[in-house]
Amino acid sequence: MAAAMLSCFVAPALMAQTNSTYDAQFIDWPTYNGSDLELSVDNSGTHFKLWSPKAKEARVNLYENGHTGKAYEVLPMKFNAATGTWSVSFPQKLYGKFYTFQINTDGTWLAETPGVWAKAVGVNGNRAAIIDFSETNPEGWAADKGPEVKNFSDVIVYEMHHRDMSMHPSSGIANKGKFLALTEKGTTSPEGLKTGIDHLKQLGITHVHILPSYDYNSVDEMNLQDNTYNWGYDPLNYNAPEGSYSTNPSDPKARVREMKEMIKALHDAGIGVIMDVVYNHTATNDDSNFELTAPGYYHRHRNDGSYSDASGCGNETASDLQQMRDYIVNSTKYWADEYHIDGFRFDLMAIHDTETMNQVAAELKKINPSIFVYGEGWTAGDSPLQPERRALKENVSKMTDIAVFSDDLRDAVKGHYTDAADRGFATGKPGNEETVKIGIVAATAHPQVDYKKGQNSKFPYAKSPEMIVNYVSCHDDLMLTDKLRKSMAGEPEENMLAADKLAQTIVFTSQGTPFMFAGEEIFRDKQGVHNSYKSPDSINAIDWSKKAQYRDLFNYYQGLIALRKAHPAFRMTTAADIAKNLKFDKIDSSKTPNLISYSLLNHANGDEWEEIKVVFNGASKAQTVDIKKGDWMIVANDGQIDPEGGLGETQGGKLTVAPYSALILARR
Ligand code: CA
């Protein structure tokens, strides 16, 4: 969330602070991180174990259902000072029952909470549920596996919201707005074109990145007929799926089973599932499950004890404290284990410290080396955490197997996100050439890229292209279609479509991992709404009839993706390889702006093509490039693409590149 809005880089000198004196009191608290935290069920019964080192008393309330009625039993818990945990056991398997914890601090019983480790919950997530997880597995789950990823630069990310994909009547999908939407095969638009999961397969992306799908706060699961929309960046229960995406939020097993069915269907289609995770803040402050179990501990504070707010949402969490760090690590491990999740996108990742992120990646790698971890390398406000410890974009090289979004390419290609009318390289504005080049080389050191001229970044912050996610638009801010409509107002739509193709050609041919937003491939728009986090479906849902209307655009995206997948030259894995094999042609941007030309040489990264020539003309007029003589196949030209290079042949020399377009040539 919020993210892109706040991607400005504040110089560290302005933010230099130490962690607050208030939070120093938590450092010595005992910690406990066994997998039996809060609930475990075995043949000896049901066991509760709550971490709350400073509580005076603690108890478990047992319920027959997830929402109504009084506790049928209240179990007092016993304290273990060494681990800071409170325990009680019940000599039966309490499957089907619900529970809450309650702690007493200084003579006051706090409100009930399902705890922080509820893996199943009742409606609206107020009570935790005791279920047998083996009963939630779809057929064939034991053998289920996501796609194997050799290098993270092989991943092609498609960011989507469950409702966006399926709510529109034109989706042809029955389970609208549900996890199950992506299990439906054979769905089509009114014009008979593929939608849903078939569409994803047809497009060729490798991974979907699903917007928050853990249980969040903002949608009332008891009134789903209201069709309330929310992105879900307001976490409630981090380890249970969101109820409104299930067919029955009151049945704790339904959301678990249906999310697994979605994952299984995507895996069966060869598509990985990346989860958007928001450990950086909680939906509420004092009422959050963190505060109700261990008051003070999990959030950061200012020296005066008030909540610090690097998330811009009222609070921020404290990954620098051991119990919170372990919580993040163990929670992601849980999703990888129980749900076979293939990647994690960390919201406002720079609120977390680099050490935590390194542990996350290292532990996930043990479960599945194909798991891809990336995040927003920025915060949305100042934090007590010292800048050098933050998982910032600028600190990505302090981390291993973690990637960050590059706002460099994003802003340089389509214009700055803060100014709707601002244009970028692909829409005719001069002066962005060097910043686009930073994106092309995935922010790695390159002898021909002058980082001093970079608009967002002033140094090659990535040690490896696998640390960079390149994109021009996502759920935040004006999406590409709307940005083009606002910034190119007055020009014919064909120019916008040309610029759209050019912008994504830059993303999909750049080194690093490409990322796109759902529906861009069919020129979907959000009617100019730049922050649609709670806009109705009428703004957010993808109108699938646009697939027929913009079939040419879809074909182009499909071709781009096929080109990238077929050619490892676009997916180099080391900075040294890029410096050696990627050569920019000399172009004086002050004389011929909006023109970039480069070669991928030496059968780069094992490519069958000896040389690939990539030319971008972001000007509103045609421009000429001088291409070395040779037997070139034409791969892309003037809004057309053929990944096999079948658009004709040329011998090089002076070639004209159409306005707002890419020219890609290759020779064997
Ligand atoms: Ca919820």
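Counting starts at 1 for both ligands and their atoms, following the listed order. FYI, the numbering just counts along the sequence from 1. The basis for the numbers below is simple: all heavy atoms, side chains too, and nothing from hydrogens, waters or symmetry mates.
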Residue set satisfying side-chain hydrogen bond (donor to acceptor under 3.5 Å, both in side chains) with Thr247, at least two apart, ordered chain then number -> Glu258
Mind checking whether Tyr533 and Tyr233 have ring centres under 6.0 Å apart? no
Check: Asn239 main-chain N/O paired with Asn237 side-chain donor or acceptor under 3.5 Å: no
Which residues pass the side-chain hydrogen bond (donor to acceptor under 3.5 Å, both in side chains) test with Lys260, not counting sequence neighbours? Thr136, Asn137, Glu338
Shell of protein N/O/S atoms around the Ca ion (ligand 1), taken as anything under 3.0 Å: Asp215 OD1, Tyr216 O, Glu221 OE2, Glu242 OE1
Could you walk me through whether Asp407 and Lys393 pass the salt bridge (charged side-chain N to carboxylate O under 4.0 Å, His left out) check? CA-CA 9 Å; Asp407 55 354; Lys393 184 182 88 163; 2.7 Å; yes
Ignoring hydrogens and angles, write down the donor-acceptor pairs under 3.5 Å from the side chains of residues 66-77, residues two or more places apart or on other chains.
from	atom 1	to	atom 2	distance (Å)
Thr68	OG1	Asn65	OD1	3.4
Thr68	OG1	Asn65	ND2	2.9

